Structures are given as structure tokens and as C-alpha cells.
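Because the structure is a prediction, the values reported are computed rather than measured. Reminder, nothing fancy here: chain letters follow the sequence lines and each chain counts from 1.
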2 protein chains.
Amino acid sequence: MSSALRSADQVHAELSRQIIAGQLRPGDPLAETALAQRFSLSRTPVREALHRLASEGLVERGPRRAFLVRRMSHATLRDLFETLGELEALCAAMAAHRMTATDLARLQTILDEGDGPHADYAAANARFHAALRAGAQNEVLAEVLDELDRRSLPWRSAQFDARAARIDSSRDEHRAILEAVAARDGDRAAAVMRGHMATSLAVILDMLSDRGA
Amino acid sequence: MSSALRSADQVHAELSRQIIAGQLRPGDPLAETALAQRFSLSRTPVREALHRLASEGLVERGPRRAFLVRRMSHATLRDLFETLGELEALCAAMAAHRMTATDLARLQTILDEGDGPHADYAAANARFHAALRAGAQNEVLAEVLDELDRRSLPWRSAQFDARAARIDSSRDEHRAILEAVAARDGDRAAAVMRGHMATSLAVILDMLSDRGA
DNA sequence: GCCGCATCAATTGTATACATGTCGTTATCA
DNA sequence: TGATAACGACATGTATACAATTGATGCGGC
């Protein structure tokens with residue numbers, strides 16, 4: 001039962017990964033029995049994983065109380081990104097007041113790493129936001145942001161793949177945020193972050209309409 | 001298996017209630033077998049309820065992966081209330097921009113009901129914040145606030161019982177929030193709400209130190 | 001007297017069998 | 001021919017038995 005080897009955790013991690021990566025798409029069914037067979041396990045750990053995913057908002061329950069990958073209306077998606085944007089903005093403002101010089105240097109390093117032409121920009125993007133969360137020095141806020149992050153990832157992950165130009169604009173926005181944080185200007189950091197998240201939402205909604213979703 | 005009759009939900013609701021009411025106190029053990037006996041059920045639904053409570057932050061895991069009612073350091077408690085305060089402030093600001101005249105009237109009614117000498121002020125307080133959440137018109141933000149609310153309730157519930165004077169000041173703060181919202185002044189509503197939550201935290205920390213916690 | 005190891009007990013993790021409810025299908029009746 | 005009710009299959013919900021891990025305790029050696 002060592003923590004890393006629990007079957008339920010493995011199933012949870014794997015399903016989470018597949019949903020976020022888009023291998024499992026919104027509306028896809030997730031039957032306990034079928035998944036148990038696929039993972040060569042009993043229904044018990046699969047069941048636990050599904051319930052956790054449901055409480056995290058990645059999975060919803062359909063007719064017959066069946067599990068399925070969560071679908072989201074544009075309205076709810078808008079709510080999600082609005083909340084995420086406001087919380088990231090709050091986080092940026094708090095970080096502007098609380099980050100140490102060392103933290104700031106780390107943030108700069110993360111930005112520079114994302115500059116490489118072959119760098120994994122999605123990963124660098126995640127690290128940037130994570131560093132900001134750490135800098136805000138509020139565990140609970142960090143937890144809430146992590147949760148909303150996971151919840152929005154299925155829709156954010158494809159952003160950079162499909163819109164290469166988005167990388168450049170996103171990078172510029174990150175630099176502007178760093179500048180504001182370094183200047184200890186919480187209000188400006190929050191404002192820029194709000195714009196950053198709003199732009200991301202616009203790009204995503206644009207992609208969805210292209211795909212006819 | 002109609003949703004209201006699921007054993008796991010009943011156990012979850014009952015444990016949640018007891019933790020919030022203080023009948024189960026931070027650090028108390030919650031063994032699956034013992035609870036199963038107490039509820040005359042098998043471990044399975046009890047287990048599901050405990051996992052849900054853990055994911056909601058009301059329950060944590062101790063040595064031997066045992067479940068126990070969550071304990072909180074003062075630092076984490078501060079983080080929780082800071083986050084809750086900022087989110088309530090955000091909510092108030094959004095409500096100031098989005099609430100309809102009808103919504104405002106309902107908010108006023110709720111405040112008036114809380115005025116009665118024998119009224120249950122804790123309940124009126126909860127209704128006030130709930131109405132504000134509805135007025136902000138953002139489902140996701142409402143969900144997040146609900147969760148943080150439940151998580152902080154064990155520490156907030158005793159506030160009005162132990163400090164009768166707190167009721168009057170809390171009522172005044174609510175009136176100030178309503179005024180700001182009615183005036184469509186989001187910034188002022190947010191500022192007043194921040195102060196409101198900060199005062200609550202101060203009262204709670206004061207109570208905890210009195211109890212020698 | 002103290003440190004280390006082995007054994008033990010208690011708790012959660014997992015597997016499997018059975019119960020129960022819901023939805024789709026079909027057959028029958030008006 | 002349409003609607004309705006019964007039937008059946010399939011999903012999750014629950015109960016119980018067994019396995020595995022962990023923290024504690026006692027014993028023995030140093």
C-alpha cells in the first residue's frame with residue numbers, strides 16, 4: 001500500500017492524463033467494468049478513481065448514473081476561465097507583494113527556458129504559473145488554482161499545438177506579468193494576467209467553433 | 001438507488017454535519033470499520049464518504065493512512081480565510097455589476113430577516129453570502145466558494161455562539177456591503193467584504209487562543 | 001542501558017459476489 | 001396503429017472475505 005503503488009492512484013493518474021491529453025474526449029463513456037478489464041484490476045480501485053475524477057470536475061455522471069468524460073457548455077467554460085483568470089490575477093497581485101528576489105530570479109529563468117525554439121512551451125507555461133502560485137505564499141489559494149487548472153487543461157492543452165502564433169503572444173504576456181511583479185505593482189500584474197487569461201479563452205473558443213463543437 | 005437514498009451520501013452528510021457542528025473535533029479518528037458498525041453498513045459506502053470528505057478538506061490522513069478529522073495550523077487557517085475573503089470580495093464586486101433589482105430586493109429581505117432578536121443569525125449569514133454568490137452569476141466561482149465555505153465552517157460555526165457582540169458588527173458589515181452593491185460600486189463592495197472576512201478571522205483566532213488551541 | 005530486529009496487531013487496499021435501479025425493448029390491448 | 005405496461009439486460013451500489021502494509025511492541029544482543 002505504499003502511496004505510489006496504489007492501484008486507484010495509478011488509474012486516476014492515467015485517466016486524468018488521457019482526458020487532459022484529449023485521448024478521451026468529452027462525452028466518452030467510462031464504465032467501471034470495462035476500465036477494470038482494461039487495467040486488469042477489480043472494479044473497486046477503478047471506482048475510487050472515477051469518483052475522485054468526478055469530484056475534481058473532469059468526469060460527470062450521465063443517464064443510469066454512468067460515468068463519462070465531462071462535457072462543458074460554452075457558458076460554463078466562460079465561467080471557468082473567468083474564475084481562473086480572476087484567481088490567477090489575485091495570485092499575481094499577491095506574488096508581486098510577497099515574492100523574494102530569489103523567487104523573481106527563478107521566474108526569469110523559467111521564462112528564458114521557454115525561449116528556446118524547440119522548448120516545450122506548454123510545460124514552460126505551466127512552470128511559470130506554478131512559480132507564481134508559489135510566490136503568492138498561500139497554500140489554499142494554490143490548491144484551488146491547481147484544481148481549476150486541471151479542470152481547464154482539457155481545453156487549454158491543444159491551444160499551443162493548433163495556434164503556433166499563440167506562443168509568441170503568450171510569451172509577451174508572461175514578460176509583461178514578470179515586469180509588473182518585479183516592479184511590485186500588484187494592480188498592474190493582476191490586470192495583465194486578466195488580459196492573458198481572457199486572450200487564452202478567446203483562442204480556445206475560436207478553436208472550438210472551428211471544430212464545430 | 002435513487003440519489004437521495006444512497007448510503008454513502010447519507011454517511012457523507014452526517015459526518016460532514018458532525019464535523020461542522022463540532023461534535024467531531026479536529027484530530028478525532030474516523031476508522032472505516034467503527035463507522036460502518038455505527039451506521040449499520042458495510043465499509044464500502046463509509047469508505048466512499050471518507051474519501052469524499054478527504055478530497056473536500058474536512059478529513060485528513062494520519063499514520064497508517066488512517067482517516068481523522070482535519071487539523072489546521074494557524075498558518076493554513078490564515079491562508080484559508082485570506083483566500084475565502086478574496087474570493088468573497090471578488091464575488092461581491094461581480095455581484096455589484098450583475099445583480100438585478102429583484103436580486104437586490106431579495107438580499108435586503110434576507111438582511112431584514114436576520115434582524116429579529118430570536119432569528120438564527122448563523123443561517124441568515126449563510127443565506128446572505130449565498131445570495132451574493134448567486135448574484136455574481138458565475139457557477140464555477142460559486143462552486144469554489146461553496147467548497148471553501150464548508151472547509152472553514154468548523155471554525156466559523158462557533159463564532160456567533162461565543163461572541164454575541166460579533167452578531168451586531170457582522171450585521172453592520174453586511175449592510176455596508178449591500179449599500180455598496182446597490183450603488184454598483186464593485187471596488188467598495190470588495191473592500192468592505194475583505195474587511196468583513198478579516199474581522200471574522202480575527203474573532204476566530206481570538207477564540208482559539210482563548211481555548212488554548 | 002540502549003539500540004536494532006523480528007514479530008504482531010490493527011487498519012486500509014483489493015477482489016469478488018450479490019442486490020438494486022434504470023432504461024430500452026417488446027408484446028399486448030384498446 | 002398507437003400507447004402502455006411488463007420484461008430483461010446492463011450499469012452502478014453494497015456486502016463480505018482476503019491480502020498487504022505500516023506502526024508498535026517486546027525480546028535479544030551489544
*Asks:* Rounded to whole Å, please give me the gap between CD in E60(A) and P in dT12(D).
*Replies:* 14 Å
*Asks:* Can you tell me if CZ on R106(B) sees more than 12 non-hydrogen neighbours from other groups inside 6.0 Å?
*Replies:* no
*Asks:* Taking CZ from F39(A) and C1' from dA15(C), how many angstroms apart are they, rounded to a whole number?
*Replies:*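 Spelled out: CZ on F39(A) to C1' on dA15(C) is 17 Å.
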*Asks:* Look at the aromatic rings of H174(A) and H196(A) and report parallel, tilted or perpendicular, splitting at 30° and 60°.
*Replies:*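 Rings of H174(A) and H196(A): perpendicular, over 60°.
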*Asks:* Kindly say if R47(A) contacts the phosphate of dG13(D), meaning a side-chain N or O under 4.0 Å from OP1 or OP2.
*Replies:* yes
*Asks:* L35(A) has an atom CG; how far is it from atom P of dT12(D), in whole Å?
*Replies:* 9 Å
*Asks:* Can you figure out which of dT16(C), dT12(C), dT12(D) approaches the side chain of T44(A) most closely?
*Replies:*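 The answer is dT16(C), which lies nearest to the side chain.
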*Asks:* Grab the CZ-P distance between R43(A) and dA19(C) for me, whole Å please.
*Replies:* 14 Å
*Asks:* So L50(B), base contact, sugar-phosphate only, or nothing? Heavy-atom distance under 4.0 Å.
*Replies:*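 Answer is nothing: L50(B) stays at 4.0 Å or more from every strand.
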*Asks:* Can you tell if the side chain of R133(A) reaches within under 4.5 Å of the side chain of H129(A), non-hydrogen atoms only?
*Replies:*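 Yes - at least one pair of side-chain heavy atoms lies under 4.5 Å apart.
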*Asks:* Check if the side chain of R64(A) and the base of dG24(C) share a donor-acceptor pair of N or O atoms closer than 3.5 Å.
*Replies:*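 By the distance-only test, no, there is no pair.
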*Asks:* Assess whether atom CZ of R150(B) is packed by more than 12 heavy atoms of other residues, nucleotides or ligands within 6.0 Å.
*Replies:*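 Above 12, so yes.
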*Asks:* Have a look at M197(B) and tell me which of L84(B), L87(B), V192(B), T83(B) forms a side chain to side chain contact (heavy atoms under 4.5 Å, CB included) with it.
*Replies:*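 Only one of L84(B), L87(B), V192(B), T83(B) forms a side chain to side chain contact (heavy atoms under 4.5 Å, CB included) with M197(B), namely L84(B).
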*Asks:* What's the CD-C1' distance between Q10(A) and dG13(C), to the nearest Å?
*Replies:*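 Taking CD of Q10(A) and C1' of dG13(C), I get 13 Å after rounding.
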*Asks:* To the nearest Å, give me how far apart CG (L41(A)) and P (dT16(C)) are.
*Replies:* 10 Å
*Asks:* Has the side chain of R65(B) got a donor or acceptor that lies under 3.5 Å from a partner of the other kind on the base of dA10(C)?
*Replies:*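 Per atom types, no contact qualifies.
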*Asks:* Within less than 4.0 Å of OP1 or OP2 of dG13(D), is there a side-chain N or O belonging to R61(A)?
*Replies:*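 Yes, R61(A) has a side-chain N/O under 4.0 Å of OP1/OP2 on dG13(D).
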*Asks:* Which listed nucleotide (dT16(C), dT14(D), dG13(C)) is nearest to the side chain of S42(A)?
*Replies:*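 Among the listed nucleotides, the one closest to the side chain of S42(A) is dT16(C).
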*Asks:* Report the distance from atom CZ of R6(A) to atom P of dT11(C), rounded to the nearest whole Å.
*Replies:* 18 Å
*Asks:* For P45(A) and for P63(A), find the nucleotide of DNA chain C with the closest heavy atom, then tell me which residue's nucleotide is more 5'.
*Replies:* P45(A)
*Asks:* Can you measure H12(A) atom NE2 to dG13(C) atom P for me and round it to whole angstrom units?
*Replies:* 15 Å
